[in-house]
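Right, one structure below, let's go through it.
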Number of protein chains: 2
Amino acid sequence: MTAEVTHPLRSDARDNRARILDAARTVFGEEGLGAPMREVARRAGVGPATLYRHFPAKRDLLTETFAEQRRVCRTAVREALADPDPWHGFRTVIEQICELHAHSRGFADAFMAAFPEVMDFAADREQSLRAVAELARRAREAGRLRPDFVVDDLVLVLMAHRGLQDTPRDARVAASRRYAAYVIEAFRAPGAVTPLPPAARLAGALTRTTQR
Amino acid sequence: MTAEVTHPLRSDARDNRARILDAARTVFGEEGLGAPMREVARRAGVGPATLYRHFPAKRDLLTETFAEQRRVCRTAVREALADPDPWHGFRTVIEQICELHAHSRGFADAFMAAFPEVMDFAADREQSLRAVAELARRAREAGRLRPDFVVDDLVLVLMAHRGLQDTPRDARVAASRRYAAYVIEAFRAPGAVTPLPPAARLAGALTRTTQR
DNA sequence: GCTCAAACGGACGCGGGCGTCCGTTACGGT
DNA sequence: ACCGTAACGGACGCCCGCGTCCGTTTGAGC
């Protein structure tokens, strides 16, 4: 939200701004926060200077770019918290966060603070963690969640989830789903079982991966 | 293995070479493959040119640096394969790989081919995967491994394990152990349970993480 | 202790990413 | 149609990492 209360942007400027945000969603979503600003500019069909005029620093662009996903994430958490079945809510919130992260590497990076100084997704994380803590309490009492689960375990598996990011998008989404299922399986109180989603083929992805 | 069959290095050269490899193990182990060569040189107390004379390119240094870990890894896999209890072997190999990766970010990066062009840990991976496939077959037949497990699931969880790398070393090792335990828990055929290792505190690690 | 080649390391060139400057373009109000 | 200004974008400076060059140092054989 870069303050444009001052003057209602000129038409071409508004246009470019929109195209930049579109490009940013695509580029950062696909390549992660490491993607160069120039790439966004190129894809938006504008010069670097234009991009930097609209978003003085990379962090500004990122904040704006992922505002939508942040909202989706908050909503998911709120709804999960309202779920009468705490175990279902718990599972759902894990699945949804993983899904969001799989669909946008950039959002995953930002949410997990790969660039800590960049922005304060800390608030979102805090909220999610508190919600999960509450869900976990209830799910454990309901006997569905394993008793030795602690909230840090969610952080653990979400941090680990980032390891799946360096993978082509299609494989990534499938991998993410199966991963989430395994995580839920691991967190489940011993007893009941449910089938996993289909396996993801990843052996090929290993040799063709990006750096960071 | 840079061919020094030609001339038996001068004493200071041999000394420097050893110090460089020491420094490389520390630096790459702690900071991952992304660590600058200069950092290794500084830590070894030599100039960049000296470093590059001993190891013409970064990949050469890396190959040499992680030769030891590769050997450990191969041994672990071989022993696991020889274990009369396939489920125990299966669990052990997962724990050992995770442990190795947790103790050396660089080795983890290399093993998971974060820099694909860098070197051919592909062979090690292939070997490990074949071994695990065999262990899995036996463990499944013994009814200890869940029937819907596929070998790609091991790739999946090991790729995910890389997500734990951007963490201070102490937390990383603890996190890695708990992660491995959860993974084994998830892979276990429904039925028996075993206690997890202690939880790792990670919430703090989120805000203080390195890029990559 | 002298000599000579092996080994060293500071300084350099190159590429790439971030953010900025300034001359040029084009919107939009009259 | 015309003008003023917002908006544009190519070119620039800066930093940092990789790998190299060349003048200097130093080990080791005599």
Side-chain angles (χ1 to χ4, degrees), chain A residues 2-21 23-24 27-28 31-65 106 109 114-115 117-119 210-212, chain B residues 2-21 23-24 27-28 30-65 106 109 114-119 210-212:
Chain A
T2 39
E4 72 260 12
V5 261
T6 47
H7 293 309
L9 290 174
R10 222 167 71 178
S11 69
D12 54 345
R14 254 171 33 86
D15 222 53
N16 277 336
R17 186 187 163 86
R19 295 229 305 289
I20 288 172
L21 280 172
V27 171
F28 291 131
E31 305 182 26
L33 301 195
M37 291 290 267
R38 308 310 240 253
E39 179 67 22
V40 176
R42 264 190 298 275
R43 193 170 188 100
V46 303
T50 299
L51 192 159
Y52 280 104
R53 192 168 327 99
H54 284 287
F55 305 95
K58 197 169 184 176
R59 42 166 306 159
D60 301 312
L61 176 56
L62 292 173
T63 309
E64 196 79 359
T65 301
D109 286 353
F115 291 63
E117 71 285 26
V118 162
M119 74 205 80
T210 63
Q211 171 205 342
R212 267 269 109 167
Chain B
T2 41
E4 72 258 12
V5 260
T6 47
H7 292 310
L9 290 174
R10 222 168 68 180
S11 70
D12 55 345
R14 255 173 30 86
D15 221 53
N16 277 335
R17 186 188 165 85
R19 294 227 308 287
I20 288 172
L21 280 172
V27 171
F28 291 131
E30 203 51 46
E31 305 181 27
L33 300 195
M37 290 291 267
R38 307 311 239 253
E39 179 66 23
V40 176
R42 263 190 299 275
R43 195 172 187 97
V46 302
T50 299
L51 194 160
Y52 280 104
R53 191 168 328 98
H54 284 285
F55 306 95
K58 195 170 184 176
R59 44 165 306 159
D60 302 313
L61 176 55
L62 293 173
T63 309
E64 197 78 1
T65 301
D109 286 354
F115 291 62
E117 70 284 25
V118 162
M119 72 206 82
T210 63
Q211 168 204 341
R212 297 251 95 164

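Heavy atoms only: backbone and side chains are in, while hydrogens, waters and symmetry mates are out. Below, read A as the first sequence line, B as the second, and so on, with proteins coming before strands; counting in each chain starts at 1.
OP1 or OP2 of dC18(C) has at least one side-chain nitrogen or oxygen of Lys58(A) nearer than 4.0 Å. When the side-chain nitrogen and oxygen atoms of Thr50(A) are compared with OP1 and OP2 of dA7(D), none of them lie within a distance under 4.0 Å. Between dA7(D) and Asn16(A), no contact under 4.0 Å exists linking OP1 or OP2 to a side-chain N or O.
The CG atom of Asp15(A) sits 16 Å away from the C1' atom of dT25(C) (whole-angstrom rounding). At whole-Å resolution of the value, NE2 in His54(B) and C1' in dA7(C) are 8 Å apart. Spacing between atom CG of Asp60(B) and atom C1' of dT20(D) amounts to 15 Å, rounded to whole angstrom units. What separates CG of Leu33(B) from C1' of dG17(D) is a distance of 15 Å, to the nearest Å. Atom CZ of Phe55(A) is separated from atom P of dC8(D) by 11 Å (rounded to the nearest Å). At whole-Å resolution of the value, CG in Leu51(B) and C1' in dG17(D) are 13 Å apart. The interatomic distance linking Arg53(A) (CZ) with dC18(C) (C1') rounds to 16 Å, in whole Å. Whole-Å rounding puts the Leu61(A) CG to dG17(C) C1' distance at 15 Å.
Residues from residues 36-43 of chain B with heavy atoms under 4.0 angstrom of DNA chain D, sorted by number: Pro36(B), Met37(B), Arg38(B).
When all heavy atoms of His54(B) and Pro56(B) are compared, the closest pair comes out as O-CD, 3.7 Å.
Considering only the side chain of Tyr52(A), dG19(C) comes nearest among dG19(C), dC8(D), dC8(C).
Contact annotation: the side chain of Leu21(B) approaches that of Phe55(B) to within less than 4.5 Å [non-hydrogen atoms, C-beta and beyond].
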Please tabulate the protein-to-nucleotide N/O contacts below 3.5 Å involving nucleotides 27-29 of chain C, giving atom names and distances.
residue	atom	partner	partner atom	Å
dC27(C)	O3'	Ser11(A)	OG	3.4
dG28(C)	OP1	Ser11(A)	N	2.9
dG28(C)	OP1	Ser11(A)	OG	3.1
dG28(C)	OP2	Ser11(A)	OG	3.3

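The backbone N or O of Leu33(B) sits less than 3.5 Å from a side-chain atom of Asp109(B), completing a donor-acceptor pair. With Lys58(A) contributing its side chain and Pro36(A) its backbone, the two residues share no donor-acceptor pair below 3.5 Å. Thr50(A) places no side-chain N or O within 3.5 Å of a backbone atom of Val46(A) that could act as its donor or acceptor partner. For the pair Arg14(A) (side chain) and Leu9(A) (backbone), a donor-acceptor distance under 3.5 Å is absent.
Between Glu30(B) and Arg43(B) no salt bridge is recorded (no basic side-chain N to carboxylate O distance below 4.0 Å).
Residues passing the side-chain contact (heavy atoms from CB on, under 4.5 Å) test with Ala57(B) are Arg59(B), Asp60(B), sequence neighbours excluded.
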- Message: Show, in sequence, the C-alpha distance, side-chain angles and deciding distance for Arg42(A) and Met37(A), and conclude whether the side chain to side chain contact (heavy atoms under 4.5 Å, CB included) test is met.
- Response: CA-CA 9 Å; Arg42(A) 264 190 298 275; Met37(A) 291 290 267; over 6 Å; no

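Using a 4.0 Å heavy-atom criterion, one finds that Ala13(B) contacts the sugar-phosphate atoms exclusively.
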